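Here the structure is laid out as C-alpha cells; the discussion comes afterwards.
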Amino acid sequence: MEELGKLISTRIDKISAIKEMGINPFPYNYEVTDFTQDIIDNFDDYNKNNEEFKSVSVAGRIMSVRLMGKAAFCTINDKKGHIQLYVALKNIGEKDYELFKILDIGDIIGVKGIVKKTQVGEITVYIDSLTLLTKNIRPLPIVKEKDGEVFDAFADKELRYRNRHIDLIVTHGVKETFQNRVKIIKNVKAILDSKDFLEVETPVLLPIYGGASASPFTTHHKTLDMMLYLRISLEPYLKRLIVGGIDRVYEIGKCFRNEGMDRTHNPEFTMLELYQAYADYNDMMNLTEELFEKSCKMLYGKTEINFDGKKIDLKRPWKRLKMNDAIKEYAKMDVDSMTDEEMKAAIRHKGGEIKGAFIRGLAINEIFELYVEEHLIQPVFITHQPLETTPLCKVDYEDERYLQRFELFINANEFANAYSESNDPVFQRKTLYEQSLRRDVDEEAAPMDENFVQAIETGMPPTGGLGIGIDRMVMLLTGERSIRDVLLFPTMKPEK
RNA sequence: GGGAAAGUAGCUCAGUCGGUAGAGCACCGCCCUUUUAAGGCGAUGGUCGACGGUUCGAGUCCGUCCUUUCUCACCA
C-alpha cells in the first residue's frame with residue numbers, strides 16, 4: 001500500500017508540474033477525426049506513395065513508451081484498436097517534448113500528425129502536436145506482447161472482475177466479447193421485431209412471484225410498508241399481455257434468483273421470454289433454431305463454432321427427440337415398461353436421490369438428467385417431458401402423460417425451455433394451487449398468484465412460449481466458459 | 001453446501017530443510033533520434049490475506065477466519 005501510495009503521489013506531483021508549465025492536465029474536449037484501426041485499414045488513403053499525406057487527429061490512452069533521448073515511440077489505444085506514435089523533439093517542440101517525457105502509461109492524449117510506415121513497416125502516426133487530455137494517477141498493469149504472445153497478462157480473475165475498467169483496457173478480447181454480447185442481443189431483437197413481436201418492459205419488483213421454481217430475493221418498500229420480490233421469470237406478466245391481445249410479445253431483461261453461484265449461474269441474469277398467440281411448441285422450436293443459427297452466422301459467417309475444444313454445428317434443422325426415446329438411445333432403458341423399483345434403482349445407481357414421495361414423471365426426468373444430458377453435445381430439442389415437471393404446460397394429445405414441451409440442449413447444457421402454454425383456467429387454477437401447497441416442503445414452489453389465474457380465466461388464446469438464457473447463449477457464441485466472462489460486473493462479495 | 005487450489009512489491013511471479021525478503025516489468029535518476037517484451041547504468045519500493053499457536057527464530061509448520069479460482073451437487 002505504501003508503494004502504491006508513492007506511485008500515486010509521484011503522479012499527483014506531476015499534475016502540479018504540468019500546471020506550472022501552463023498546461024491544463026484535464027481539458028474539456030478534443031476534436032477526434034480518426035480512429036486507430038481505420039488508419040491502419042485505410043493506410044493508402046492517408047499516405048499516397050509517401051508523397052501526399054492526409055493529417056489525422058487521434059485520441060487515446062498511452063499503453064507503452066519507448067523513449068530514446070530526443071525521440072520516442074509510444075502506443076495508444078482507442079475504442080477501435082491501437083496504433084504506434086512517433087514523437088520527436090524536432091517535430092513537436094521543446095515544451096511539448098518536456099511534457100511528453102513526464103507522461104505515464106495510462107494517460108490519455110490527443111495527437112495530430114501524418115501517417116507513415118517505419119523502417120520495419122509499422123504504420124505509425126508521426127505527430128506534430130501533442131495534447132494531454134487526462135492525467136492518470138493510478139498505475140495500470142503492464143501487459144507486454146510480442147508476435148501475438150502476451151507476457152505478464154492481467155490474469156487474476158478476481159482483480160479482473162472487481163476492476164473491469166482496467167480489464168477492458170489491458171486484456172485482449174474482453175471488449176470484443178461484450179461488443180459481441182450486444183450484437184447478439186440486437187440481432188435477436190431484430191429477428192423478433194421483423195416477425196412483429198412487440199418488445200415490452202414488465203415490473204421487476206413484485207408483490208408475488210412465479211413462472212419458475214426458484215428462491216426469490218426480497219426487498220422492502222418504505223411508503224407502502226410492504227415486502228416485494230424481485231422477479232424470478234418474466235412469464236406471469238407477459239402472459240397477461242397475451243390475454244390483453246398483444247399476440248406476439250417479448251422481453252429481454254434481468255431476472256433474479258437467490259440461489260447458488262457457479263460457472264453458469266449468477267444471482268442476476270438475463271432472460272429472453274417470448275409468447276406467440278395461436279402458436280405451439282413446434283413453432284417455438286423453429287424460432288429457436290432461427291435465433292441461434294442466425295446469431296452465429298451474424299458473428300462468424302458460418303454455423304460451426306468451437307466450444308471447449310468441441311465442434312458444434314448450429315445449422316438448422318436440429319434433431320428433435322422425445323425424452324423417453326433419448327433415454328432409450330443413451331441409457332438403453334425403456335422407462336414406460338420399467339417398474340417404480342427399477343427406476344429407483346437406476347437413479348441410485350448413478351448417485352441420484354428421490355426427494356419426498358416417489359413421482360414417476362419426476363423420476364423419468366431424473367433418469368434423463370443422470371444418464372442422457374452429458375451426451376447431448378450437438379443441438380437437440382428434447383420434447384415430451386413428463387406431465388409432473390411443470391404446471392404451466394399443455395399435455396400432448398397423443399399421450400396425456402407427457403407434455404408439449406421442449407428443452408434445448410447444446411454441449412450438455414440447457415439453453416432454452418418452451419411450452420405449448422397451458423390456457424385451461426380450471427386446470428391452471430388447480431395445478432397452481434397444488435403447487436402452492438407444496439411450499440411447506442419445497443421452498444422453491446411458487447405461491448398462488450390469484451391475479452395471474454384470473455387473467456387466464458379471462459381467456460388466453462392457444463400460445464407458444466419460449467425462454468432462452470441470454471447469458472448462456474452469449475457464452476456459447478463467444479466461446480466463454482464462465483458466465484462471469486459475459487457479465488461486465490458479475491456479483492462479487494465485497495473485499496474486507 | 002462438499003472437495004481441491006490460490007493469496008508474497010502497482011502488475012506477473014520465484015522463494016529449497018524453519019535462519020536478514022527476491023526477479024522481470026512499472027515507477028524514480030542518468031545515457032540514447034526508427035523502437036516495438038527497445039537497450040544500457042543506477043536507485044527506491046514489502047504488516048508475505050487476517051488473527052492466533054508451536055519455536056531461540058515462521059513467508060515457510062499447525063489452527064481459525066476472510067477473499068478468490070476450479071470442481072461436484074442444485075437451479076437457468
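From a predicted model like this one, the values you see are computed outputs, not experimental measurements. Per chain, numbering begins at 1; letters A, B, ... match sequence-line order.
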Under 4.0 Å from OP1 or OP2 of B/rU69: is there any side-chain N or O of A/Arg484 that close?
yes
Could one point to a donor on the side chain of A/Gln84 or the base of B/rU35 with an acceptor on the other under 3.5 Å away?
yes
Is the phosphate of B/rU35 approached by A/Arg66 (side-chain N or O, under 4.0 Å from OP1 or OP2)?
no
Reckon A/Thr10 touches a base, only the sugar-phosphate, or nothing at all at heavy-atom distances under 4.0 Å?
sugar-phosphate
Provide, to the nearest angstrom, the distance between the CG atom belonging to A/Asp104 and the P atom belonging to B/rG29.
10 Å
Distance to the ring centre below 6.0 angstrom and angle to the axis at most 45 degrees; does that hold for A/Lys116 and A/Tyr126?
yes
Testing B/rC11, B/rG10, B/rU33 for proximity to the side chain of A/Lys70, the answer is B/rU33
With a 3.5 Å cut-off and just heavy-atom distances, do the side chain of A/Thr124 and the base of B/rU34 make a donor-acceptor pair?
no
Any A/Arg481 side-chain nitrogen or oxygen under 4.0 Å from OP1 or OP2 of B/rU71:
yes
Nearest-nucleotide pick for A/Leu7, side chain only, options being B/rA26, B/rU33, B/rU12:
B/rA26
Quiz item: A/Asp152 side-chain donor-acceptor pair to B/rC13 base, under 3.5 Å
no
Position toward the 5' end of RNA chain B (nearest nucleotide), A/Lys117 or A/Ala214:
A/Lys117
Answer for the Watson-Crick or wobble partner of B/rC74, both distances under 3.5 Å, is none
Is there a side-chain polar atom (N or O) of A/Lys6 under 4.0 Å from OP1 or OP2 of B/rG45?
no
Donor-acceptor pair (no angle test) under 3.5 Å: A/Tyr161 side chain, B/rU69 base:
no
Below 4.0 angstrom from OP1 or OP2 of B/rC11, is there any side-chain N or O of A/Lys144?
no
Do the ring planes of A/Tyr330 and A/His375 sit parallel (below 30°), tilted (30 to 60°) or perpendicular (above 60°)?
parallel
Pairwise 5' ranking along RNA chain B for A/Ala212 and A/Ile102, keeping only the more 5' one:
A/Ile102
Expected output: side-chain A/Ser9 to main-chain A/Lys6 donor-acceptor under 3.5 Å:
yes
Rounding to an integer number of angstrom, what distance separates B/rA50 and B/rG7 when you compare their C1' atoms?
11 Å
The side chain of A/Lys157 is closest to which nucleotide in this list: B/rC70, B/rG10, B/rU12?
B/rC70
Rounded to whole Å, please give me the gap between CD1 in A/Ile142 and C1' in B/rA26.
5 Å
Between A/Leu67 (CG) and B/rG40 (P), how many Å, whole number?
15 Å
Donor-acceptor check, side chain of A/Asp167 to backbone of A/Val170, threshold 3.5 angstrom: yes or no?
no
Provide the Watson-Crick or G-U wobble partner of B/rG63, both distances under 3.5 Å; none if there is no partner.
B/rC51
Would you mind reading off the distance between A/Met261 atom CE and B/rC70 atom C1', rounded to a whole angstrom?
14 Å
Taking a pair as Watson-Crick or G-U wobble with both distances under 3.5 Å, which nucleotide is matched to B/rG29?
B/rC41
Ignoring hydrogens and angles, answer whether the base of B/rU33 and the side-chain atoms of A/Tyr86 contain a donor-acceptor pair closer than 3.5 Å.
yes
